[in-house]
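Please read the structure below before turning to the comments.
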Amino acid sequence: MKYTRHTLKKLETLFSEIEYTVRYEKGNFNSGYCVVEDRKVAVINKFYDTEGRMNVLLEIIAGLTIEEDQLEESSLKFYKQVLKFLARQEEE
């Protein structure tokens, strides 16, 4: 998976389709992000670069259960790529 702004935008779109709001804020985050479950908000350290932001979003996705019928066709295809990427990362 390439760490580009385009790929980051796809991740952000994926989050919006599962009704999560992604916000980039300043703050003291132990792991770089905070997920407010009951509000479906992911707050990410705004000083992270593109790779850092993507890694955080990927880490959050790994912990979520996503109903595939919520996703548009293009996002579903991307989500399946993300799952494969995460599975490879876990094997390493």
Side-chain angles (χ1 to χ4, degrees):
M1 181 169 290
K2 296 181 182 179
Y3 291 97
T4 63
R5 288 180 188 246
H6 180 69
T7 308
L8 175 61
K9 189 70 177 164
K10 285 183 176 182
L11 280 170
E12 292 170 344
T13 300
L14 182 66
F15 270 82
S16 72
E17 288 183 20
I18 60 171
E19 299 176 349
Y20 266 77
T21 302
V22 176
R23 293 181 20 204
Y24 299 102
E25 301 286 338
K26 186 168 75 170
N28 293 329
F29 304 102
N30 289 338
S31 59
Y33 69 93
C34 169
V35 177
V36 183
E37 290 292 337
D38 59 332
R39 293 190 189 174
K40 290 190 170 186
V41 176
V43 183
I44 301 170
N45 191 324
K46 78 177 196 173
F47 296 112
Y48 277 18
D49 61 6
T50 300
E51 183 176 348
R53 290 177 181 197
M54 284 184 61
N55 284 331
V56 166
L57 291 174
L58 290 169
E59 187 177 329
I60 294 169
I61 284 178
L64 295 176
T65 303
I66 296 176
E67 298 293 326
E68 293 183 358
D69 61 342
Q70 289 180 280
L71 304 175
E72 293 182 16
E73 188 175 331
S74 59
S75 291
L76 179 58
K77 183 179 175 183
F78 178 68
Y79 176 61
K80 289 181 179 182
Q81 290 175 342
V82 166
L83 291 178
K84 287 179 186 176
F85 176 76
L86 291 171
R88 282 194 306 265
Q89 292 283 66
E90 197 172 289
E91 289 175 4
E92 292 177 1

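A search for side-chain hydrogen bond (donor to acceptor under 3.5 Å, both in side chains) contacts involving Thr21 returns nothing, not counting sequence neighbours. Checked against side-chain contact (heavy atoms from CB on, under 4.5 Å), Leu86 has the following partners two or more places apart in sequence or in another chain: Leu58, Ile61, Ala62, Val82. In this view, Thr50 and Arg5, Leu8, Met54 satisfy the side-chain contact (heavy atoms from CB on, under 4.5 Å) rule, not counting sequence neighbours.
Taking NZ from Lys9 and OG1 from Thr4, the interatomic distance works out to 12.5 Å, rounded to the nearest 0.5 Å. Here Glu59 contributes atom CD and Leu57 contributes atom CG; the two are 10.0 Å apart, rounded to the nearest 0.5 Å. Rounded to the nearest 0.5 angstrom, Ile60 CD1 and Tyr20 OH are separated by 8.5 Å. Taking CD of Glu25 as the reference point, atom CZ of Phe47 lies at 10.5 Å (rounded to 0.5 Å).
Side-chain contact between Asn55 and Tyr3 is present, with heavy atoms from C-beta onward closer than 4.5 Å.
Leu64 and Phe85 fall within the same hydrophobic cluster, where Ile, Leu, Val, Met, Phe, Trp and Tyr residues are linked whenever their side-chain heavy atoms come under 4.5 Å apart, directly or through other members.
Within the structure, salt bridge (Lys or Arg N to Asp or Glu O under 4.0 Å) pairs that include any residue of residues 47-56 do not occur (at least two apart or interchain). Identified under the side chain to side chain donor-acceptor pair (under 3.5 Å) test for residues 80-92, with sequence neighbours left out: none.
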For the pair Leu11 and Phe78, evaluate side-chain contact (heavy atoms from CB on, under 4.5 Å) and give the outcome as yes or no after the intermediate values.
-> CA-CA 8 Å; Leu11 280 170; Phe78 178 68; 3.7 Å; yes
Donor-acceptor pairs are to be reported for all side-chain atoms of residues 68-77 against protein atoms at under 3.5 Å, with residues two or more places apart or in another chain.
| from | atom 1 | to | atom 2 | distance (Å) |
| --- | --- | --- | --- | --- |
| Ser75 | OG | Glu17 | OE1 | 3.2 |
| Ser75 | OG | Glu17 | OE2 | 2.8 |

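Lys2 and Thr7 get closest at one heavy-atom pair: O-OG1, 3.2 Å.
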